[in-house]
Amino acid sequence: MKLLCLDVPQPGATIEKYQPHMQDEARHAWQMYKGGIIRDIYFRVDRPGVAIIAEAESVEAAKKALAEFPLAKAGVIDWDVIPLGPFLNWETLFAPGNA
């Protein structure tokens, strides 16, 4: 299953609370990438944070894996996990009368 995972800063999160965890956070993300959980990771441009495209067997499995990030363990972030599926509306382009 493909998932969009957005970090959610928790109340009281500050740069000072993030800073001690950033190297471990990057190392952990690399391990998840090598392990096939993270497929893509991007910095957000609307605010500090990341957007991750992940693969897992379920939303629950993804949440369990994301909870292992150092910032999540420190209570600085949580995650929104959104399951994704194939975009099927391409077929409307080829429906009778639309060609």
Engineer: Treat each ILVMFWY residue as a node, draw an edge where side-chain heavy atoms are under 4.5 Å apart, and state whether Ile52 and Trp30 are in one component.
Structural biologist: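 Yes, one cluster joins them.
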Engineer: Do other residues, nucleotides or ligands put more than 12 heavy atoms under 6.0 Å from the OH atom of Tyr33?
Structural biologist: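 Atom OH in Tyr33 is not packed in, count stays at 12 or less.
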Engineer: A side-chain contact here means heavy atoms from C-beta on lying under 4.5 Å apart; do Ile82 and Lys2 qualify?
Structural biologist: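 Side-chain contact under 4.5 Å: no.
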Engineer: Test of understanding: clusters of I, L, V, M, F, W, Y form through side-chain heavy atoms closer than 4.5 Å, transitively. Do Ile41 and Met1 belong to the same one?
Structural biologist: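 Yes; tracing contacts between hydrophobic side chains, which count when under 4.5 Å, links both residues.
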Engineer: Decide side chain to side chain contact (heavy atoms under 4.5 Å, CB included) for Leu3 and Ile53; before the verdict, give the C-alpha distance in whole Å, the side-chain angles of both, and the deciding distance to 0.1 Å.
Structural biologist: CA-CA 6 Å; Leu3 306 121; Ile53 302 296; over 6 Å; no
Engineer: Would you name the heavy atoms of Ala51 and Arg44 that are closest together and state the gap between them?
Structural biologist: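 The pair with the smallest heavy-atom distance is N-CG, 4.1 Å.
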Engineer: Identify whether Ile38 and Val8 are in the same connected component of the hydrophobic contact network (ILVMFWY, side-chain heavy atoms under 4.5 Å).
Structural biologist: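 No; tracing contacts between hydrophobic side chains, which count when under 4.5 Å, never links both residues.
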Engineer: May I ask you to test the Phe43-Val50 pair for a side-chain heavy-atom distance under 4.5 Å?
Structural biologist: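 SC-SC contact between Phe43 and Val50 confirmed.
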Engineer: Quick one: are Ile37 and Glu55 in side-chain contact, heavy atoms under 4.5 Å?
Structural biologist: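 They are not in side-chain contact.
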Engineer: Quickly, which of His21, Glu16, Met22 forms a side chain to side chain contact (heavy atoms under 4.5 Å, CB included) with Tyr18? Name it, please.
Structural biologist: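 The single option meeting the side chain to side chain contact (heavy atoms under 4.5 Å, CB included) with Tyr18 is Met22.
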Engineer: Atom SG in Cys5, atom CG in Asp40: separation rounded to 0.5 Å?
Structural biologist: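 The SG atom of Cys5 sits 11.5 Å away from the CG atom of Asp40.
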Engineer: Pairs under 3.5 angstrom only: tabulate donor-acceptor contacts from the side chains of residues 62-79 to other protein residues two or more places apart or in another chain.
Structural biologist:
residue	atom	partner	partner atom	Å
Glu68	OE1	Lys73	NZ	3.2
Trp79	NE1	Leu66	O	3.3

Engineer: Checking Asp24 now: which residues fulfil side chain to side chain donor-acceptor pair (under 3.5 Å) with it, not counting sequence neighbours?
Structural biologist: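 Residues passing side chain to side chain donor-acceptor pair (under 3.5 Å) with Asp24: Arg27.
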Engineer: Look at the side-chain heavy atoms of Ile, Leu, Val, Met, Phe, Trp and Tyr, link any pair under 4.5 Å apart, and say whether Leu84 and Phe87 land in one connected group.
Structural biologist: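 As far as the 4.5 Å side-chain criterion goes, Phe87 and Leu84 are not connected within one cluster.
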